[in-house]
**Q** 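Here you go, one structure.
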Amino acid sequence: MSIFERPSYSNEAIAGLHDSFDAAVQTPFSVLDLDEQNEFLIESYNAMQRAVGVFALAVHGAMDQQVAKRHGEHSLSTHIAAGVHGSSKRIGAELAVARWLARFSELRTALADGTITVAHVNELRTLERKHPKASASMERAQGFFIDAAQTLQFPQWVDAVGYWFNALDPDGVLHDPTDPKYGAIVTKLPSGDVIVEMRLDPVTGEAWLVATEREEQKIFEAEADLDDADKLSPRQRTMTAIMRLVARGFQQKDGTFPEPMVQLVMSEKVAEDLLARAMGCIDPDTDGPMDFDPFSIPIDYDDLDRRCETLRGTPIHPMHALVPLLIAKMRRLVIDDYNQPTERVEDVPEFRFFTKKQRQVLLALARGKCSIPGCHNPYSWLQMDHVQPHNHHGQTVLHNGQPLCQPHNKAKGDRGVL
Ligand SMILES: [Zn+2]
């Protein structure tokens, strides 16, 4: 029983609709047998779709008869909102389908009698936006859209209807290369994961697809003899392909790399712990094999002995560093409590530029940040700066070096002050 007292409807059709809904609401799902439960599920979905269609019929009628205006409301959405105590903004959005259907009497009826679904309608709305020149012919094609929906599964229906739109308006929406939607957004999460979202124009997109698909195919062929379980998933394959292309771009003409693509800074303690766990060493506490629970490896940004991060200072879970740890080149750097290296790094006092080793040490000490407090410019903008400028007798030694971002370095110039 509903806690709301329903008004007695003057309209028989609507009263019957509500009676049916009330009866459905009061049917306990669990008392139905399996076939009936299935029918309930499928048919309530159908009913939901049809209800949208019935609403579209009502909206069309109300627009035609100027119902809102005759009730002194300036729009249909505010008029409905007043009647149902709802949000006119929400209702305005919900009216979009019904309003769009105002032009299409056959589609409206087909939705109301359950022949097509809201998904069909929304697909047509999208296609119309993409193919504005086809818009004028759509009214005549309603019968085709509806017939096709009765004979084809939804994806095939989308293809069939898509052909129709393409035939009438082959160019579709003209692509504007200055569209701000084109481009890439790269987001680095606190975990170190990086999310890349890209929207490419058709030409750039084609170039991208050709390059990555070719690379994907090579990977796919190389995997031919592997068990299915060992093969990469399609999205892993795409990522691997992209990383290969990136690596190739990073390569110099002679096949070498200017510096490693990834540099990690890991404390000896974390590295040893990680290796011990990976090799199944005995846990001194339990006398059993070390539990390889990655979350038991403590890392701590502020503790020298528990550091595990990229050279730019993003803390990463040691699990992600396991493979690099096994295959990478290592460089030992011992730092004291004052964040100063205790071992001498070879000085080149008269050189104009810092050596690769000096740069790596300075970046590790600065945690990959610009030395100006509060500066968050990207790691790749960093340059190695002589604290006392080189042409003011500043030496190219570790304690006279600091990473500065390019803008701060430029602002400092040779004057040696900011
Ligand atoms: Zn800076």
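Just follow the structure's listing: the first ligand is 1, and inside any ligand the first atom is 1. We're numbering straight along the sequence, starting at 1.
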**Q** Output all residues satisfying side-chain hydrogen bond (donor to acceptor under 3.5 Å, both in side chains) with Glu43, sequence neighbours left out; order by chain, then residue number.
**A**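 Partners of Glu43 by the side-chain hydrogen bond (donor to acceptor under 3.5 Å, both in side chains) criterion, ordered by chain and then number, come out as Asn46.
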**Q** Salt bridge (charged side-chain N to carboxylate O under 4.0 Å, His left out), that's the test. Do Glu128 and Arg103 meet it? Break it down for me.
**A** CA-CA 13 Å; Glu128 184 184 25; Arg103 276 168 54 210; 2.9 Å; yes
**Q** Aromatic ring centroids of His120 and Phe154 under 6.0 Å?
**A**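 Yes, the ring centres sit under 6.0 Å apart.
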**Q** So how many protein N, O or S atoms does the Zn ion (ligand 1) have within less than 2.8 Å?
**A**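 Number of qualifying protein atoms: 4.
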**Q** Checking side-chain polar atoms at under 3.5 Å, does Thr238 have a donor or acceptor matched by the opposite partner on Glu216?
**A**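 Yes - a donor-acceptor pair under 3.5 Å links their side chains.
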**Q** Among Arg108, Arg99, Gln65, find the one that has a side chain to side chain donor-acceptor pair (under 3.5 Å) with His60.
**A**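 One option only clears the test, and that one is Arg108.
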**Q** Is the His131 ring parallel, tilted or perpendicular to the Phe165 ring (thresholds 30°, 60°)?
**A**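 Tilted: the ring planes of His131 and Phe165 meet at 30° to 60°.
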